[in-house]
> 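Structure incoming, see below.
All values below were derived from every heavy atom in this structure, side-chain atoms included, with hydrogens, water molecules and symmetry-related copies excluded. Quick caveat, the model's predicted, so the values are computed rather than measured. Below, chain A is the first sequence line, B the second, and so on; all start at residue 1.
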Amino acid sequence: MDSTLNKIDQDFPILDQEVNDEHLVYLDNAATAQRPNQVVNALTHFYQTDNANVHRGVHTLAERATADYEAARRKVQAFINAPEPEEVIFTKGCTDGLNLVASTYGEANIKAGDEIVISIMEHHSNLIPWQQLALKKHATLKYIHLTDDGELDMEEAARLITDKTKIVAVAHASNVMGTVNPVKQLAALAHQHGAVFVGDGAQSVPHMKVDVQDLDVDFYAFSGHKMMGPTGIGILYGKRELLEAMPPYQYGGEMIGFVHQFESTWAELPYKFEAGTQNIAGAVGLGAAVDYLNNIGMDRVQAHEKEIVNYLLPKLEALDGITVYGPQEPAKHTGVIAFNLENLHPHDVATALDMEGVAVRAGHHCAQPLMEYLGLTATARASFYLYNTLADADRLLEALQATKEFFNHGSRETK
Amino acid sequence: MDSTLNKIDQDFPILDQEVNDEHLVYLDNAATAQRPNQVVNALTHFYQTDNANVHRGVHTLAERATADYEAARRKVQAFINAPEPEEVIFTKGCTDGLNLVASTYGEANIKAGDEIVISIMEHHSNLIPWQQLALKKHATLKYIHLTDDGELDMEEAARLITDKTKIVAVAHASNVMGTVNPVKQLAALAHQHGAVFVGDGAQSVPHMKVDVQDLDVDFYAFSGHKMMGPTGIGILYGKRELLEAMPPYQYGGEMIGFVHQFESTWAELPYKFEAGTQNIAGAVGLGAAVDYLNNIGMDRVQAHEKEIVNYLLPKLEALDGITVYGPQEPAKHTGVIAFNLENLHPHDVATALDMEGVAVRAGHHCAQPLMEYLGLTATARASFYLYNTLADADRLLEALQATKEFFNHGSRETK
Amino acid sequence: MGLEKLNSLYREVILDHSDHPHHKHALPDATHKITLKNPTCGDVINLDIQLSDDDKISDIGFTGEGCTISQSSASMMTDAVMGKSKDQALHMAKTFSDMVMGKQHPQADLDELQDAAILSNIMTFPARIKCATLAWWALQRALLKDDSTEDEEKGAI
Amino acid sequence: MGLEKLNSLYREVILDHSDHPHHKHALPDATHKITLKNPTCGDVINLDIQLSDDDKISDIGFTGEGCTISQSSASMMTDAVMGKSKDQALHMAKTFSDMVMGKQHPQADLDELQDAAILSNIMTFPARIKCATLAWWALQRALLKDDSTEDEEKGAI
Ligand SMILES: Cc1ncc(COP(=O)(O)O)c(C=O)c1O
Ligand SMILES: Cc1ncc(COP(=O)(O)O)c(C=O)c1O
């Protein structure tokens with residue numbers, strides 16, 4: 001185990017607490033990550049020294065706040081290797097970014113009869129915007145399904161993506177099955193047919209090195225809170241020529257050129273898409289999260305999670321009466337693992353694990369069409385991040401064992 | 001002067017700093033307020049003890065985070081006296097809330113030939129959404145203008161608002177002139193003609209007691225950051241029957257009932273309008289800001305600002321070569337004061353004041369149509385809040401005097 | 001494991017009800033039928049009620065899927081309301097939903113709920129309150145709605 | 001007042017230029033005309049350039065409104081480029097915008113800017129950089145654009 005990574009939990013005081021008289025093991029990172037002191041301190045520092053509204057301001061605090069805000073943008077730009085800072089737009093989160101693309105690019109470019117291709121494993125945030133756009137425009141929504149191993153069926157993808165396709169939108173990594181999708185290949189397929197590719201990076205950017213130029217994605221959205229940044233901040237990357245051709249999304253302060261009573265012109269990128277006062281402190285905090293990740297190195301973050309999965313997955317699959325969804329090979333798996341225990345509803349499992357201090361999620365994970373496709377109503381899900389350890393994996397395994405015993409009348413009879 | 005209020009500056013460490021070797025006097029509160037320690041501590045506490053994603057989560061942290069988030073909603077509900085918590089929607093900010101109404105209620109209810117009435121003093125955020133909606137729908141946008149004293153011309157309002165009017169949208173308080181508009185009267189006028197009234201509360205909620213039931217507004221939007229809450233959080237209040245009839249604004253996690261491959265149903269209020277992970281910590285911080293304001297009492301906040309304006313405005317108006325815009329009577333004025341010095345561009349004035357440690361804003365204040373109407377390109381603007389003092393008003397007056405002397409070759413010649 | 005706390009939720013009687021639910025069968029010709037789903041977890045209940053001419057619940061049955069709490073709650077609910085009048089049943093549903101929100105109630109009201117009263121513990125598991133109330137909401141909606149069938153998607157809680 | 005710092009921005013020469021701007025008049029028949037506005041503060045410049053057949057700036061004039069910095073910058077710019085070739089003028093515009101962003105330049109380049117070089121101080125006032133560059137951007141756009149007039153709204157910086 002990477003020994004430096006084992007020491008970082010001192011940066012996360014929230015992890016040092018008892019829950020139901022047990023030491024907390026937080027395995028709900030796919031829902032939201034925890035924030036290191038460095039990020040919280042960046043927020044506090046901003047509010048206590050530089051806070052002001054950005055741009056337009058002539059006074060010193062406004063200059064400092066603007067510099068902080070734009071520095072955060074450039075940190076993110078470098079982090080995802082975007083060509084230019086103007087292509088990095090601050091949003092409220094991944095959902096906001098995907099809706100932005102559907103409502104502006106989609107609204108302007110999708111006509112009746114056009115096709116939009118997504119996958120059956122999409123999170124609702126990368127599914128309903130396209131579904132509703134298709135309904136509104138009388139376009140056709142098509143789904144790429146899965147291979148038996150829980151991977152995207154790329155043969156089907158190649159059949160579905162045709163010259164009728166205008167948009168292909170797929171998650172880089174699944175928030176349920178831990179699958180990593182071949183986004184670069186999908187983007188190339190889309191481009192062959194003149195379509196744009198929208199990547200949902202919510203579960204990838206926090207966990208692996210992402211290079212938007214190498215992937216050649218046209219749009220790419222993700223959230224700050226899943227990569228240890230604050231809530232209420234996210235990023236939409238878009239290629240300049242596409243962003244420039246798009247109408248604005250929201251109207252208000254900062255996104256304008258000239259406003260007359262009956263017409264207006266818009267600001268240059270990125271401000272055209274940043275109407276009103278943005279989450280300035282949130283951006284600064286996201287910049288601090290990027291610094292934190294860079295300090296460790298995304299390769300090490302990924303290797304650390306891989307090590308946990310390599311250790312845990314075989315042991316988990318060996319449990320009696322468990323079903324693990326998604327790829328069964330650790331090598332193909334991110335730190336997100338969905339599973340069910342036989343005859344036990346995942347909500348009961350999650351409650352029981354919580355009694356053991358182990359925080360997992362249970363439900364449809366905002367992926368109802370995937371659940372329906374897999375013939376499930378819900379699953380439990382454990383998801384790991386850089387501060388988790390092999391000991392956490394052991395705690396999960398023990399707690400699952402105890403849960404099974406309890407509900408299989410073991411504990412109940414000894415009561 | 002209210003002596004308790006004079007002691008609160010210890011809650012605002014940012015105010016205790018030197019800017020250009022002078023002690024900071026922050027008079028840019030209409031752009032954004034400063035945050036007391038109580039708000040920053042609430043953020044830190046949330047991130048270090050309860051942070052998790054809300055709803056759906058079965059584990060203890062998720063339960064605590066959900067309770068924190070919903071408690072913040074109820075604090076805001078009580079603060080503006082909204083009938084029900086479901087009518088209080090968390091947004092990214094005032095701009096987001098106004099765009100939400102224009103894109104959902106407006107989109108669904110405005111037809112060609114309909115009329116939308118706004119005022120000439122609107123901030124771009126309560127102007128361009130209606131302007132663009134009117135352009136898109138071939139509806140007519142009409143402006144209520146001003147009386148000579150910088151107040152809304154209510155006779156014109158009564159003429160403009162007719163049975164053709166479908167939406168009336170006006171700021172409760174101007175962010176340029178310090179005028180308070182008779183929102184209750186405007187809402188009644190709108191209702192007489194079957195129109196809905198949208199209030200922009202960005203400059204009112206932070207500074208006076210607002211009761212949405214007494215005002216009988218249909219929608220009312222404001223921002224957290226102008227009332228000492230975090231950036232990236234705001235509120236849209238809407239009447240239940242209107243919100244229920246509206247389509248969603250954004251699509252994604254949390255705002256759904258059932259999602260099938262080709263159709264979806266929506267969640268109940270308020271979640272229908274809260275797609276994706278919200279600014280959870282931001283909501284908690286806003287709740288802390290509401291507590292802070294309640295502790296002081298909005299009546300005292302308002303009285304404090306009135307006292308400063310009563311003191312400052314006559315002295316300001318007495319300066320040689322100054323023009324103060326908006327109402328000239330202190331009683332009619334909020335703590336927002338726009339002015340210009342003769343023969344001096346407001347940008348030069350703001351830079352000079354900044355050299356004196358006095359932070360004011362200069363520009364069009366996101367109200368270009370108002371500037372055009374007043375025959376101006378820009379003004380300087382000083383805006384006060386509860387931590388400002390009469391001494392701050394004196395510092396502004398002295399700095400203005402010094403600025404005038406400097407540019408009138410006083411200081412230049414003694415150089 | 002915080003076994004005491006888990007035991008306090010999953011009492012023997014609850015686990016018995018979920019292992020061997022009572023009245024778990026459909027009543028094809030029932031006078032009142034409803035399907036309710038909890039979108040959060042996918043739990044679904046189909047509730048069939050036979051109301052006699054004098055507005056008494058002469059038979060009741062449920063089918064569907066869900067967690068231990070929702071299944072046992074449905075089983076306990078059917079036990080409790082069997083033979084009761086429509087108004088009594090509605091009163092019990094109100095008592096139940098008040099109880100799980102932590103509101104005080106006369107002991108007589110709680111006694112009437114029979115085994116179901118044991119779910120008052122659910123208060124301390126806020127995320128599970130919906131699981132416990134699903135069956136009672138279905139009862140309420142089935143008895144109050146005008147038409148005898150309801151679109152399942154609309155019936156989401 | 002932090003008078004030294006204010007003096008370092010508003011040097012005597014700058015105030016002189018803004019009080020008595022050079023070439024502040026229109027050239028109705030100029031070969032190149034442009035109107036540029038800074039939407040942030042409403043500053044506006046109308047720039048008229050007379051280019052001779054051998055691409056030399058034989059005359060130049062500006063009108064418009066703005067702050068001390070933008071007015072004096074326009075005045076100093078017109079002084080500096082008068083008589084220069086189109087290419088030289090473009091080179092100077094590049095030098096100027098690099099200079100105010102803090103990039104290093106050979107002293108000869110800076111000397112060429114004449115009085116305008118004094119605006120290198122603007123770097124330390126980031127909010128005012130746009131004020132200083134407005135005139136130079138207008139010069140650049142006027143010389144580079146194809147058609148001789150440009151829609152003023154499009155010409156916003
Ligand atoms: C009157 C008014 N309306 C709307 C806004 C927009 O608020 P925000 O930028 O926080 O979205 C402002 C703030 O500048 C304002 O002063
Ligand atoms: C794959 C995926 N896409 C999109 C989202 C939406 O992110 P957010 O809720 O932060 O907007 C999530 C997070 O739940 C996700 O996992």
Side-chain angles (χ1 to χ4, degrees), chain A residues 13-14 19-20 28 31-32 34-35 40 43-44 47-49 51-53 56-61 92-93 95-96 99 124-125 128-129 131-132 141 143 223 225 230-233 250-253 256 259 261-262 264 275-277 279-282 347 350-351 354 359 361-363 366 368-369, chain B residues 13-14 19-20 28 31-32 34-35 40 43-44 47-49 51-53 56-61 92-93 95-96 99 124-125 128-129 131-132 141 143 223 225 230-233 250-253 256 259 261-262 264 275-277 279-282 347 350-351 354 359 361-363 366 368-369:
Chain A
I14 192 172
V19 150
N20 294 315
D28 195 17
T32 200
Q34 298 301 340
R35 287 74 175 137
V40 176
L43 291 175
T44 303
Y47 281 134
Q48 299 192 335
T49 61
N51 179 64
N53 214 324
R56 305 193 188 288
V58 170
H59 59 79
T60 302
L61 255 48
K92 176 166 153 181
T95 302
D96 190 32
N99 276 274
H124 293 160
S125 294
I128 318 181
Q131 178 194 80
Q132 296 296 312
L141 183 67
Y143 284 87
S223 287
H225 69 94
T231 52
I233 190 82
Q250 297 191 320
Y251 305 104
I256 52 96
V259 181
Q261 288 191 40
F262 303 105
S264 305
T277 304
N279 189 353
I280 304 166
H347 266 192
T351 295
D354 186 47
R361 192 145 290 237
C366 301
Q368 288 184 14
Chain B
I14 192 171
V19 149
N20 295 314
D28 194 16
T32 200
Q34 298 301 341
R35 286 77 175 131
V40 176
L43 291 175
T44 303
Y47 281 134
Q48 298 192 335
T49 60
N51 178 65
N53 214 324
R56 306 193 187 287
V58 170
H59 59 78
T60 302
L61 255 50
K92 177 168 154 179
T95 302
D96 190 31
N99 276 274
H124 293 161
S125 294
I128 318 181
Q131 179 193 80
Q132 296 297 312
L141 184 66
Y143 285 87
S223 286
H225 69 95
T231 54
I233 190 83
Q250 296 191 319
Y251 304 103
I256 51 95
V259 181
Q261 289 191 38
F262 303 105
S264 305
T277 304
N279 189 351
I280 304 166
H347 266 193
T351 295
D354 187 47
R361 191 144 292 234
C366 300
Q368 288 183 13

> Looking only at non-hydrogen atoms, find the nearest pair between B:Gly253 and A:His124 and report the distance.
N-CB, 4.1 Å
> Could you check whether any side-chain heavy atom of A:Asn279 comes within less than 4.5 Å of a side-chain heavy atom of B:Asn279, counting everything from C-beta outward?
yes
> Any chance you could measure B:Thr44, atom OG1, to A:Leu43, atom CG, to the nearest 0.5 Å?
7.5 Å
> What's the spacing between A:Gln48 CD and B:Ile14 CD1 if we round to 0.5 Å?
8.0 Å
> Please report the C-alpha distance between B:His59 and A:Thr351 in whole Å, then the side-chain angles of each, then the deciding distance to 0.1 Å, and finally whether the side chain to side chain contact (heavy atoms under 4.5 Å, CB included) criterion is met.
CA-CA 6 Å; B:His59 59 78; A:Thr351 295; over 6 Å; no
> At a heavy-atom distance under 4.5 Å, which candidate from B:Cys366, B:Ala350, B:Pro129 has the highest pair count against chain A?
B:Pro129
> Are B:Ile256 and A:Gln368 close enough, and set up right, to give a side chain to side chain contact (heavy atoms under 4.5 Å, CB included), and what steps lead you there?
CA-CA 10 Å; B:Ile256 51 95; A:Gln368 288 184 14; 3.4 Å; yes
> Output the option from B:Asn51, B:Val58, B:Thr60 having the highest count of non-hydrogen pairs under 4.5 Å with chain A.
B:Asn51
> By side chain to side chain donor-acceptor pair (under 3.5 Å), which residues pair with A:Asn99, not counting sequence neighbours?
none
> Chain A: which of B:Ile128, B:Val19, B:Asp96 shares the most heavy-atom pairs with it under 4.5 Å?
B:Ile128
> Donor-acceptor check, side chain of B:Thr231 to backbone of A:Ala281, threshold 3.5 angstrom: yes or no?
yes
> Do B:Val259 and A:Pro369 touch side chain to side chain, with heavy atoms closer than 4.5 Å?
yes
> Locate the shortest heavy-atom distance separating A:Arg35 from B:Tyr47; write the atom from each residue and the value.
NE-CE2, 3.2 Å
> May I ask you to name which of B:Pro230, B:Pro13, B:Gly363, B:Ser264 has the most heavy-atom pairs under 4.5 Å with chain A?
B:Ser264
> Chain A heavy atoms under 4.5 Å from B:Gln131: which part of the residue, side chain, backbone, both or neither?
side chain
> Please report the closest heavy-atom contact between A:Thr32 and B:Asn53, naming both atoms and the distance.
CG2-N, 3.4 Å
> For A:Tyr143, which atoms come within 4.5 Å of any heavy atom of chain B: side chain, backbone, both, or neither?
side chain
> Taking every heavy-atom pair that is under 4.5 Å apart, which of B:Ile233, B:Thr49, B:Ile280 has the most such pairs with chain A?
B:Thr49
> Using heavy-atom distances under 4.5 Å, tell me whether B:Leu141 contacts chain A through its side chain, its backbone, both, or neither.
both
> Taking B:His347, B:Gln132, B:Lys92 one by one, which has the highest count of heavy-atom pairs under 4.5 Å against chain A?
B:Gln132
